[in-house]
Colleague: 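Before I ask anything, here is the structure I am working with.
Below, chains carry the letters A, B, ... as their sequence lines are ordered, and counting in each starts from 1.
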2 protein chains.
Amino acid sequence: MTVGREAVLDVIAQSDEHLSAEDIYMKIHPFYPAVGLTSIYRTLDILVSIGLVRKLDFGHGRAKYELAEDSNGKGHHHHLVCRGCGRIIDYNDFIDEELALLKKTEESLSRKYNFRIDNHLIQFYGFCDTCKKPER
Amino acid sequence: MTVGREAVLDVIAQSDEHLSAEDIYMKIHPFYPAVGLTSIYRTLDILVSIGLVRKLDFGHGRAKYELAEDSNGKGHHHHLVCRGCGRIIDYNDFIDEELALLKKTEESLSRKYNFRIDNHLIQFYGFCDTCKKPER
DNA sequence: AATGATAATGGAAATCGTTTCCATTAACAC
DNA sequence: GTGTTAATGGAAACGATTTCCATTATCATT
Ligand SMILES: [Mn+2]
Ligand SMILES: [Mn+2]
Ligand SMILES: [Zn+2]
Ligand SMILES: [Zn+2]
């Protein structure tokens, strides 16, 4: 665990947003100008592979990262994604009911398709408070 | 509706797979060598925007397209994505139960976050029949 | 301290799906 | 035909991520 890696993990742990590799680079750079973007990517891969960090794709062309649920204090959650401004809302309302059904669904799908499921992705798309008023 | 656009829609309608822009290009090219990849992308954008086609991202670095559910004969469905070979399985088992809960969840989330939800994305990730035996 | 083996690093260049530019062509009304 | 507009394809640009590679840090062994 080097200083650069520590810094990446710190930034993710401190932030309650979903950060891109470049976001992280920008936050680290003032304090550790020697840490390059390539290392950020490398470190993120490692953190994801050991399960400390989750990589997310909201369809904005760049991957975002958040602390894995074991460590993030808000537990497992899903996302609301605004197609207007790109805002992302974490929610865990109904998460219990959702997870119960998901579990059941996963079991049956696993059996039927002989598929080992180890993850799921659930996102709702639409327009947030601010963006829905105008047109469309 | 030009010949190139017709061809793109045809290919998507005929196929029961999830096709990338390049997949579509390759299928069309032998019959219409004059249709370029740029036009495929342009046409796909249009088809998506008028709701005939759905654009999907399974995290394989390129977008995939399928016929929108109104026209695809299999109705609304979700996806199982194999992280080994990239295979994608359409399923609609449990879709009724899932949709009922989703509807309820959407309503409450909409109210709570003042968010207009008009779409959702549900994918299960794991390893398919073929890929799960080896290691990991 | 010198040596050597190994892991980590950062910057430049490459990659690759997608978009943008732009000059050419098709379609259509008058 | 003339002019106006929409559609087209190929080349070039774009941008996030990866790959390459020469340099540097780490650390155990002499
Ligand atoms: Mn989140
Ligand atoms: Mn499908
Ligand atoms: Zn918004
Ligand atoms: Zn597979």
Colleague: Could you check whether A:Lys104 pairs with B:Glu97 (Lys NZ or Arg NE/NH1/NH2 to Asp/Glu carboxylate O, under 4.0 Å)?
Modeller: yes
Colleague: Of all nucleotides in DNA chain C that come within under 4.0 Å of a heavy atom of chain B, which is furthest toward the 5' end and which toward the 3' end?
Modeller: C:dG17 to C:dT20
Colleague: Do the two ring centres, one from A:His77 and one from A:Tyr91, sit under 6.0 Å apart?
Modeller: no
Colleague: Let me check something: any side-chain donor-acceptor pairs from residues 26-33 of chain A under 3.5 Å, sequence neighbours excluded? List them with distances.
Modeller:
none

Colleague: Output the rounded distance in Å from CG (A:Asp57) to C1' (D:dA16).
Modeller: 12 Å
Colleague: Just checking, any donor-acceptor pair under 3.5 angstrom between side chains of A:His18 and A:Glu66?
Modeller: yes
Colleague: With no hydrogens and no angle check, just 3.5 Å: does a side-chain donor-acceptor pair link A:Glu98 and A:His120?
Modeller: no
Colleague: Can we say A:Asp90 and A:Lys74 salt-bridge, meaning some charged N sits less than 4.0 Å from an Asp/Glu carboxylate O?
Modeller: yes
Colleague: Shared ILVMFWY cluster between B:Leu121 and B:Ile88, side chains joined below 4.5 angstrom?
Modeller: yes
Colleague: Extract from the structure each pairing of a protein N or O with an N or O of nucleotides 17-19 of chain D at less than 3.5 Å, listing the distance.
Modeller:
residue, atom, partner, partner atom, Å
D:dT17, OP1, A:Ala63, N, 2.8
D:dT17, OP2, A:Tyr41, OH, 2.5
D:dT17, O5', A:Tyr41, OH, 3.3

Colleague: Hey, are A:Asp118 and B:Arg83 close enough for a salt bridge, meaning a charged N less than 4.0 Å from a carboxylate O?
Modeller: yes
Colleague: Rounded off to whole Å, could you give me the OH-to-P distance for the A:Tyr25 and D:dA16 pair?
Modeller: 14 Å
